[in-house]
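Input: one structure, supplied below.
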Amino acid sequence: LFSLWGHFSYKNKILFFATTITSIIAALFETQVLVTFVPLITRLTSTNTSNNIDITLNYNLLFRNFYSENTPTGQVLLIFSILVILSALIRLTFLYFASINAANIGSQLSKLCFKSIIYSPYTKIIEEDTGEAVEMILGNIARTIKVIMSCSVIISSTFLTLAIIFSLMLVDIKITMIIFSVISISYVILFRIAKLKLYNNGKVVFLSSRSIISLGKETKYSIKDIIIKKLHLRYINRFEKVDVKLRRKQASSQFIALYPRYILEAIAILLLTNIAYNLGKGEMESNILPKLGFFSLGFIRLLPAIQQV
């Protein structure tokens with residue numbers, strides 16, 4: 001991304017910064033969704049209403065002026081619902097800006113590459129396969145757009161992860177650090193295992209793709225011999241052998257990219273269950289439910305964000 005930054009237009013740079021600012025605002029609103037959930041679930045589950053205003057003022061940072069001791073539960077629910085909707089709209093806005101920015105940058109880079117072909121010497125254009133060069137440019141630009149989009153998502157997920165962790169620490173630092181440490185260690189272990197397998201699969205996919213392209217060219221230039229000597233089955237078997245290897249490695253890569261999520265979800269559920277059991281020994285039931293609900297919602301939001309970092 002840093003090597004491409006110098007090739008970005010001023011407009012694309014401004015749009016990239018706007019996308020980053022949008023991700024920060026989205027993370028801020030996500031924090032408010034979580035901290036507003038605390039007084040809401042407390043009002044719905046606690047019989048002692050005198051604690052509601054204290055919890056609201058302690059955990060809500062931006063919208064505490066909307067609350068008072070006599071604020072009805074329906075109004076708290078309305079504020080929570082509005083924050084959820086605003087958070088979703090801002091995140092959708094971020095995705096829109098990120099996709100538009102990646103498309104604009106890809107179009108600009110494609111133009112620069114095509115311009116380099118047009119301005120090449122006449123002899124070089126005649127000697128080289130221009131069609132193949134354009135095809136390679138399109139493929140590389142498509143991968144570049146994916147990288148730019150991934151960088152935008154990583155930046156957004158980083159802000160979102162930090163915001164959610166901050167919200168969780170407001171309620172209980174000890175529980176947050178325990179769960180986050182266990183999930184982080186598990187994530188690092190899974191990441192290292194998956195990274196090695198994905199790298200090996202990527203090498204096989206690359207070599208298999210080149211083999212398929214070479215086989216296609218060989219088949220095209222040898223079509224007369226294939227027809228005369230009836231070598232159809234031999235070439236079909238060669239193609240099938242390489243193609244099956246390619247598809248299996250692609251399927252393996254997709255599985256490796258998805259399975260850590262389910263393992264992390266299982267670990268988080270087990271941790272929350274054990275924490276709820278231990279909390280039940282020392283706290284009243286009315287105090288357990290708000291905290292347990294808050295951490296459950298927080299880690300439901302946190303796990304997808306961590307996986308994208």
ILVMFWY cluster, Ile212 and Val244 together (side-chain gap under 4.5 Å) | no

In terms of hydrophobic clustering (I, L, V, M, F, W, Y; side-chain heavy atoms under 4.5 Å; direct or indirect links), are Leu89 and Leu95 co-clustered?
-> no

Single-linkage hydrophobic cluster, 4.5 Å side-chain cutoff, Ile165 and Ile178 together = no

Do Ile25 and Phe94 come close enough that some side-chain heavy atom pair is under 4.5 Å?
-> no

For Thr22 and Ala18, work out which heavy atoms get closest and say how close.
-> OG1-O, 2.7 Å

Transitively linked via ILVMFWY side-chain contacts under 4.5 Å: Ile263 with Leu198?
-> yes

Distance col, row Lys230:NZ vs Asp225:CG, nearest 0.5 angstrom, shows 14.5 Å

One should read off an interatomic distance between Leu78 CG and Leu83 CG, to the nearest 0.5 angstrom, of 9.5 Å

About how many Å separate OG of Ser222 and CG of Leu231, when rounded to the nearest 0.5 Å?
-> 9.0 Å

Leu162, Ile154: one ILVMFWY side-chain cluster at the under-4.5 Å cut-off?
-> no

Decide yes or no for Leu264 and Ser186: does some side-chain heavy atom of the first lie under 4.5 Å from some side-chain heavy atom of the second?
-> yes

Looking at Ile155 and Thr20, what are the two nearest heavy atoms and their distance?
-> CG2-CG2, 4.0 Å

Residue of the set Ile175, Val182, Thr176 for which side-chain contact (heavy atoms from CB on, under 4.5 Å) holds with Ile179 = Ile175

Audit row: Asn200, Val204, side chain to side chain contact (heavy atoms under 4.5 Å, CB included) steps and yes/no = CA-CA 6 Å; Asn200 293 331; Val204 174; 5.8 Å; no

Looking at OH of Tyr235 and CG of Leu215, how far apart are the two atoms once the value is rounded to the nearest 0.5 Å?
-> 7.5 Å

Test: Glu218 and Arg238 ion pair at under 4.0 Å | yes

Return the minimal non-hydrogen interatomic distance between Leu246 and Val205, and the atom names on each side.
-> CD1-CG1, 3.5 Å

Would you give the length of the straight line joining atom OG of Ser156 to atom CD of Glu30, rounded to the nearest 0.5 angstrom?
-> 10.0 Å

How far apart are the closest heavy atoms of Gly298 and Ile164, and which atoms are they?
-> O-CG2, 3.6 Å

Asp243 side chain vs Phe239 backbone, donor-acceptor pair below 3.5 Å = no

If every non-hydrogen atom of Phe159 is compared with every non-hydrogen atom of Ala27, which pair is closest and at what distance?
-> O-CB, 3.6 Å

How many angstroms lie between atom CG of Asn101 and atom OH of Tyr96, to the nearest 0.5 angstrom?
-> 11.5 Å

Nearest heavy atoms of Ile183 and Ala268, plus distance in Å | CD1-CB, 4.1 Å

Full working for side chain to side chain donor-acceptor pair (under 3.5 Å) between Asn201 and Ser252 | CA-CA 8 Å; Asn201 288 350; Ser252 175; 3.2 Å; yes

